[in-house]
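Here the structure is laid out as structure tokens; the discussion comes afterwards.
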Amino acid sequence: DKEYPDSELDEEVVITSYVWADDSHLVYGIANDGIYVYDAEKRENQKILSGENPYKITGYDRETNIIEYDDTKARINF
């Protein structure tokens, strides 16, 4: 009924890993592309990091907003 925007990912997208940042934000990595945040309330995707890394998420600290991926740590904002 088109009440909500289409929020499906393309079939070609391969998510390497993901973590829920909070009740409505899913942070996920796509190899050789970047790390994204999906806002489940707004049904919107936002790219927060980009590059040619594997982007395998291994940890996320909800208090500091620091994400760990590919032996790297970064503070993310969304």
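Note that CG of Leu49 and CD1 of Ile30 are 12.5 Å apart. Values are rounded to the nearest 0.5 Å. In this structure, Asp70 CG and Thr16 OG1 are separated by 7.5 Å, a value rounded to the nearest 0.5 Å. Summarising the geometry, atom NE2 belonging to His25 is positioned 9.5 Å from atom CH2 belonging to Trp20; distances are rounded to the nearest 0.5 Å.
Residues Phe78 and Tyr38 do not share a hydrophobic cluster, defined by chaining ILVMFWY side chains whose heavy atoms lie under 4.5 Å apart. Tyr69 and Val37 fall within the same hydrophobic cluster, defined by Ile, Leu, Val, Met, Phe, Trp and Tyr side-chain heavy atoms under 4.5 Å apart, directly or through other members. When the side chains of ILVMFWY residues are joined at heavy-atom separations under 4.5 Å, either directly or via intervening members, Ile67 and Ile15 end up in two distinct hydrophobic clusters. By the rule that hydrophobic residues join a cluster once side-chain heavy atoms approach within less than 4.5 Å of another member, Leu26 and Ile35 end up as members of separate clusters.
A heavy-atom distance below 4.5 Å is found between the side chains of Ile76 and Val27.
When all heavy atoms of Ile66 and Lys73 are compared, the closest pair comes out as CG2-CB, 4.0 Å.
Residue-environment remark: OH (Tyr60) exceeds the threshold of 12 foreign heavy atoms within 6.0 Å. Within 6.0 Å of atom CG in Asp71, 12 or fewer heavy atoms from other residues, nucleotides or ligands are found, so the atom counts as exposed in its surroundings.
Under the 3.5 Å distance criterion, the side-chain polar atoms of Asn53 are left unmatched by any main-chain donor or acceptor of Tyr55.
Remark: Tyr36 pairs with Tyr28 by the ring pair (Phe, Tyr, Trp, His ring centres under 6.0 Å) rule, at least two apart or across chains.
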